[in-house]
Amino acid sequence: MPEYATPDSAGMDVRAFLKAPVVLKPLERALIPTGLYLQLPAGYECQIRPRSGLALKHGITLANAPGTVDADYRGEIGVILINLSGEPFVVNDGERICQMVISGYTRVEWEETERLDESERGAGGFGHTGVN
């Protein structure tokens with residue numbers, strides 16, 4: 001089962017559920033099963049996020065970070081791991097491979113318009129708010 005590492009952890013650690021180890025060669029990706037199936041309440045999602053320790057120490061991250069599991073999905077949660085390092089990495093059964101965060105979301109209704117309200121920032125983006 002997913003578990004929180006500390007009382008203030010936002011994400012739960014999720015483990016690989018494998019019959020045999022999976023070797024990820026450099027720049028290779030694989031769908032790793034977790035053995036988890038969820039039924040979330042309407043209005044909630046599950047986000048699958050990388051583990052910082054795997055990324056820093058081994059170059060292992062998620063190919064689609066963050067991954068989203070919708071409330072109406074009923075299949076097994078799979079995690080797309082990718083090896084961005086120059087060395088092979090072995091994923092073993094029971095290894096912590098990602099974090100899971102459950103959160104509520106809001107749906108919006110789009111409204112077409114000819115004009116947007118002015119703001120202090122305006123159209124500035126990509127580093128517009130400063131150098132530091």
Side-chain angles (χ1 to χ4, degrees):
M1 297 295 282
E3 58 189 359
Y4 294 103
T6 67
D8 289 330
S9 295
M12 296 171 262
D13 289 328
V14 175
R15 298 176 182 273
F17 187 72
L18 299 170
K19 293 179 182 172
V22 172
V23 177
L24 282 175
K25 296 176 186 165
L27 300 179
E28 188 174 46
R29 65 188 177 277
L31 181 62
I32 306 296
T34 64
L36 297 174
Y37 297 78
L38 299 178
Q39 183 171 334
L40 296 169
Y44 284 82
E45 66 160 333
C46 166
Q47 289 186 9
I48 304 298
R49 301 176 180 179
R51 292 192 67 241
S52 58
L54 279 180
L56 178 63
K57 297 174 186 173
H58 304 287
I60 304 300
T61 190
L62 305 184
N64 65 323
T68 298
V69 180
D70 295 308
D72 57 354
Y73 178 69
R74 296 296 184 267
E76 181 179 9
I77 295 175
V79 177
I80 306 168
L81 288 184
I82 186 166
N83 182 353
L84 299 178
S85 79
E87 301 294 324
F89 180 80
V90 179
V91 183
N92 292 297
D93 182 49
E95 184 163 358
R96 295 177 300 161
I97 57 171
C98 66
Q99 291 187 48
M100 172 190 292
V101 174
I102 308 293
S103 61
Y105 63 86
T106 302
R107 291 184 57 132
V108 299
E109 290 189 30
W110 293 96
E111 184 178 312
E112 211 170 319
T113 185
E114 297 290 324
R115 161 185 156 339
L116 298 176
D117 295 340
E118 295 292 325
S119 74
E120 183 179 332
R121 182 176 186 165
F126 297 105
H128 175 77
T129 58
V131 234
N132 297 335

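Count residues from 1 along the sequence. Computed from a predicted structure; not experimentally measured.
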4.5 Å side-chain heavy-atom contact, [X] and [Y]:
X	Y	result
Pro66	Arg49	yes
Glu45	Ile102	no
Thr61	Ile82	yes
Thr34	Met100	no
Arg15	Arg96	yes

When clusters are formed by joining ILVMFWY residues with side-chain heavy atoms under 4.5 Å apart, either directly or through shared neighbours, do Val69 and Tyr4 land in the same one?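 Yes; tracing contacts between hydrophobic side chains, which count when under 4.5 Å, links both residues.
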
Any link between Leu24 and Leu84 through a network of hydrophobic side chains (Ile, Leu, Val, Met, Phe, Trp, Tyr) touching at under 4.5 Å? no

Please say which of Val79, Leu81, Ile80 ends up in a side-chain contact (heavy atoms from CB on, under 4.5 Å) with Leu31. Ile80

Hey, is the main chain of Arg51 close enough, under 3.5 Å, to the side chain of Gln99 for a donor-acceptor pair? no

When rounded to the nearest 0.5 angstrom, what is the spacing between [atom1] in [X] and [atom2] in [Y]?
X	Y	atom1	atom2	answer
Thr68	Tyr73	OG1	OH	13.0 Å
Ile60	Phe89	CD1	CZ	5.0 Å
Gln47	Leu62	CD	CG	11.5 Å
Ile97	Asn92	CD1	CG	11.5 Å

Heavy-atom closest pair, residues [X] and [Y]:
X	Y	value
Pro88	Val23	CB-CG1, 4.2 Å
Pro26	Ser85	CB-O, 3.2 Å
Val90	Pro21	CG1-CB, 3.8 Å
Ala71	Ala42	CB-CA, 4.3 Å
Ala10	Val101	O-CG2, 3.8 Å

Verify the neighbour count for atom CZ of Phe17: are there more than 12 heavy atoms of other residues, nucleotides or ligands below 6.0 Å?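 Counting other residues, nucleotides and ligands, CZ of Phe17 stays at 12 neighbours or fewer.
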
For Tyr44, does the OH atom have more than 12 heavy-atom neighbours from other residues, nucleotides or ligands under 6.0 Å away?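 No - once you tally the heavy atoms of other residues, nucleotides and ligands closer than 6.0 Å, there are 12 at most.
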
Give the other cluster members for Trp110, using side-chain heavy-atom distances under 4.5 Å between Ile, Leu, Val, Met, Phe, Trp and Tyr residues; answer none if it is isolated.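 Same cluster as Trp110: Val108.
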
